[in-house]
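Because the structure is a prediction, the values reported are computed rather than measured. Order of the sequence lines sets the chain letters (A, B, ...), proteins ahead of strands, with each chain counted from 1.
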There are 2 protein chains.
Amino acid sequence: MDGPVTLRDVARLAKVSVSTASRALAGGLTSRETEQRIQRIAAELGYRPNILARGLKTRSSRLIGLVVHNLANASFRVLAEVAQARLRAAGYQLLLCITADDPAQEEEALATLAAQAAEGLIICPTGQNGPRLAALERAGTPVTCVIRRDESAELETILAGDPEGAYAGTRHLLALGHRRIGLIVGRAETTSGRERLSGYRRALEEAGLPFDAGLVHAGRYEPETGLAGCRALLDGGERPTALFVANHESTLGVLRGLAERGLLVPEHLSLLCYEDMPGLAWQRPAISVVDNGPAALAELAVDRLLLRLRGEASASPAREYRIGARLIERQSCRPPASRTPSLRLPAEAR
Amino acid sequence: MDGPVTLRDVARLAKVSVSTASRALAGGLTSRETEQRIQRIAAELGYRPNILARGLKTRSSRLIGLVVHNLANASFRVLAEVAQARLRAAGYQLLLCITADDPAQEEEALATLAAQAAEGLIICPTGQNGPRLAALERAGTPVTCVIRRDESAELETILAGDPEGAYAGTRHLLALGHRRIGLIVGRAETTSGRERLSGYRRALEEAGLPFDAGLVHAGRYEPETGLAGCRALLDGGERPTALFVANHESTLGVLRGLAERGLLVPEHLSLLCYEDMPGLAWQRPAISVVDNGPAALAELAVDRLLLRLRGEASASPAREYRIGARLIERQSCRPPASRTPSLRLPAEAR
DNA sequence: CTTGCGGTCGCAATCGTTTGCGGTCCAGCA
DNA sequence: TGCTGGACCGCAAACGATTGCGACCGCAAG
């Protein structure tokens with residue numbers, strides 16, 4: 001009983017060679033009876049193959065890297081939870097790397113993941129290490145990007161349905177009669193920031209409303225942005241009747257900003273947020289959101305990765321997928337209090 | 001340029017044997033000049049040692065398992081983030097396992113971690129797999145438990161300062177003049193649930209106040225518990241003047257419960273929570289909390305684990321550590337509105 | 001000149017597993 | 001009985017690194 005039991009031990013006890021034992025455990029390569037006998041013995045001994053030795057030989061580590069910016073963001077958190085569960089069920093383990101959206105940290109993470117012989121990668125890229133990711137992909141390590149696109153490389157990518165989501169959200173507010181809709185959004189460097197802004201603009205255009213840059217406040221994904229956005233958007237001249245907050249980090253700041261100004265939701269101002277998280281449903285009033293579906297996104301990312309790991313994916317490279325967003329109406333939006341007549345919207349376009 | 005560059009490639013280019021190359025890279029085992037020359041060549045080639053091969057020989061995988069119940073809880077989330085950063089800096093990678101507080105999933109996670117030859121473990125145990133953890137420890141894999149104690153095994157454990165934290169929190173409310181303090185707390189099966197309750201009781205006893213079981217509502221770590229707690233504690237006869245909510249999941253439910261009843265914090269009711277999280281500071285009013293210091297807890301867990309991995313830890317087995325909790329006063333607590341005179345508290349005891 | 005010694009380096013074994021290749025054995029058929 | 005073929009199984013070589021041991025070299029001391 002010294003250390004873990006190896007294949008040699010199993011073979012010795014079964015009075016066969018190591019290779020036979022190996023084949024018996026693999027299955028189908030020996031006679032029925034020896035196969036069953038050896039499997040029984042292995043089970044009795046509690047044999048567990050040494051993954052390092054196997055990996056050395058077969059160049060497989062059963063390790064998948066997950067590279068995200070943080071775990072505070074609900075989308076990343078859900079991604080990690082779902083990916084972990086699904087991959088474990090498929091016999092893989094998850095190596096967690098956190099980059100803080102910093103290209104240098106991302107590069108280091110990629111290097112160590114390569115050294116660890118990770119077999120696949122799910123990553124929300126910073127956008128600065130595209131070549132490196134492409135190299136991994138060429139070297140046979142499937143890489144699936146999520147949430148953000150890396151413009152500098154052609155990689156399979158799974159994005160949220162941000163243009164449609166922001167469009168649907170804006171449209172919802174328009175349909176309620178709002179005409180001045182403030183937007184607090186992520187910066188244009190990010191895929192989501194750009195796309196959510198574009199969805200907002202498209203909905204406005206369709207409704208025949210002019211785009212007013214003074215109604216848009218862009219900033220980082222943090223509560224302070226929401227607070228600053230409140231100041232910029234609410235303390236000016238003509239105040240918007242609705243606020244569309246396009247990420248949940250900023251939402252916290254907005255809630256405080258509104259409270260500080262004594263503004264009630266939805267009586268004085270309608271509030272719609274992007275990205276659902278537990279806190280929002282529990283607010284009073286419960287905040288309506290555009291749910292970007294992080295769980296579905298994670299599921300698809302894992303599905304695609306597993307398919308490619310098994311070599312079953314179609315040869316078509318670098319497809320891009322979208323996860324549909326959907327509006328969850330709760331209690332934070334209602335028609336504006338003012339005399340503005342309800343807007344007649346044109347039929348939905350695509 | 002086929003596949004990754006191995007030690008052989010380096011050695012060949014440097015015109016030395018593989019063993020010399022290995023020693024040169026390890027450092028201090030060859031002459032100064034060859035050492036530098038080979039290290040230069042290795043760098044130029046972009047050599048990265050194959051961790052699997054190294055691990056096979058040295059029985060080290062540079063992998064640390066992190067086993068937690070989920071990532072939604074702020075303490076677990078911070079634990080994961082901090083552990084990831086610290087361990088990566090120390091040359092380790094983090095294998096993430098999520099158990100949902102389910103002993104069966106925990107057991108499976110432990111089995112796969114053992115197979116992956118994880119070198120160490122940071123785990124928040126369910127309490128049902130103590131023997132297995134002890135076996136790992138005996139087999140030379142250091143195990144550090146966090147947040148919860150596993151009663152069925154003697155393991156190094158790092159706990160939050162829950163008895164003191166709950167004591168300090170309750171005392172704070174008492175000092176403000178509250179006498180009827182409602183407590184919403186985790187169930188007694190959990191270390192933290194038990195200990196926070198005990199801290200609360202001790203503070204009450206010291207103040208000479210009777211313990212009233214009708215003021216305590218215990219439940220799972222989820223928002224619904226807070227909502228139910230509101231119903232149980234606020235809709236009864238004599239209403240408490242302060243609420244101490246001993247976990248942040250329940251806090252969400254409490255906030256809604258208070259809003260539904262039209263109760264203002266802190267005007268009608270003081271509110272104190274346990275475990276800080278971003279949302280609480282951004283509430284209006286900002287919620288006072290007892291911060292259980294998850295970052296410090298994670299730091300210590302990593303420190304202890306690294307020490308033991310390097311074999312530098314003292315031989316004394318199964319020490320238990322506590323992370324001091326501290327009160328963060330924000331704006332959700334004030335003296336009760338009623339005529340209750342301020343309470344003269346006895347000097348703080350331990 | 002020989003011997004001893006410290007400093008370098010190469011040989012080869014080793015970690016545990018997989019796998020190509022060849023050998024053995026037996027059944028079946030002529 | 002002899003031959004063929006297929007089913008099983010064992011030998012040994014990998015995978016890429018680490019490491020004990022011994023060979024070799026040069027230099028100083030005897």
Between [atom2] of [N] and [atom1] of [X], the distance in whole Å:
X	N	atom1	atom2	value
A:Asn50	C:dC15	CG	P	12 Å
B:Leu25	D:dT19	CG	P	13 Å
A:Asp9	C:dC15	CG	P	11 Å
B:Leu52	D:dT18	CG	P	13 Å
B:Leu7	D:dT18	CG	C1'	9 Å

Would you indicate what A:Arg23 reaches in the nucleic acid, counting non-hydrogen atoms under 4.0 angstrom: base, sugar-phosphate, or nothing?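 A:Arg23: base contact, heavy atoms under 4.0 Å.
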message = Using a 4.0 Å heavy-atom cut-off, does A:Ser22 contact any base of the nucleic acid, only the sugar-phosphate backbone, or nothing at all?
response =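 Base, at least one base atom sits under 4.0 Å.
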**OP:** Name the closest nucleotide to the A:Ser17 side chain, picking from C:dG16, D:dC11, C:dA13.
**Re:**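 From the listed options, D:dC11 comes nearest.
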| message | I want to verify a distance call: between C:dC9, D:dC9, D:dG16, whose nearest atom is closest to the A:Thr30 side chain? | response |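 Looking only at side-chain atoms, A:Thr30 lies closest to D:dC9.
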Open item on the list: What I'd like to find out is whether the side chain of B:Cys124 reaches to under 4.5 Å of the side chain of B:Ile147, using heavy atoms alone.
Closed with: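 Yes. Closest side-chain heavy atoms under 4.5 Å.
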Is there a donor N/O on one and an acceptor N/O on the other, under 3.5 Å, for the side chain of B:Arg48 and the base of D:dG16?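 No.
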Should the side chain of A:Ser19 and the base of D:dC11 be counted as holding a donor-acceptor pair, with the cut-off at 3.5 Å?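 Yes.
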Q. Should the pair B:Arg308-B:Glu156 be classified as a salt bridge under the 4.0 Å nitrogen-to-oxygen rule?
A.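 Salt bridge: yes.
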Worksheet item: Got a salt bridge between B:Arg37 and B:Glu33, using NZ or NE/NH1/NH2 to carboxylate O under 4.0 Å?
Response: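 Here B:Arg37 does not pair with B:Glu33 in a salt bridge, since their nearest N and O are not under 4.0 Å apart.
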Review point. Would one find a side-chain N or O of B:Thr20 under 4.0 angstrom from OP1 or OP2 of C:dC9?
Key: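 Looking at the OP1 and OP2 atoms of C:dC9, neither is under 4.0 Å from any side-chain N or O of B:Thr20.
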Counting only side-chain N and O atoms of A:Thr34, is one of them less than 4.0 Å from OP1 or OP2 of D:dC9?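 Yes, because at least one side-chain N or O of A:Thr34 sits under 4.0 Å from OP1 or OP2 of D:dC9.
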Kindly write out the residues that satisfy ring-ring contact (aromatic ring centres under 6.0 Å, His included) with A:Phe76, not counting sequence neighbours, or none if the list is empty.
->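 Testing A:Phe76 for ring-ring contact (aromatic ring centres under 6.0 Å, His included), a comparison that skips the adjacent residues, returns A:His69.
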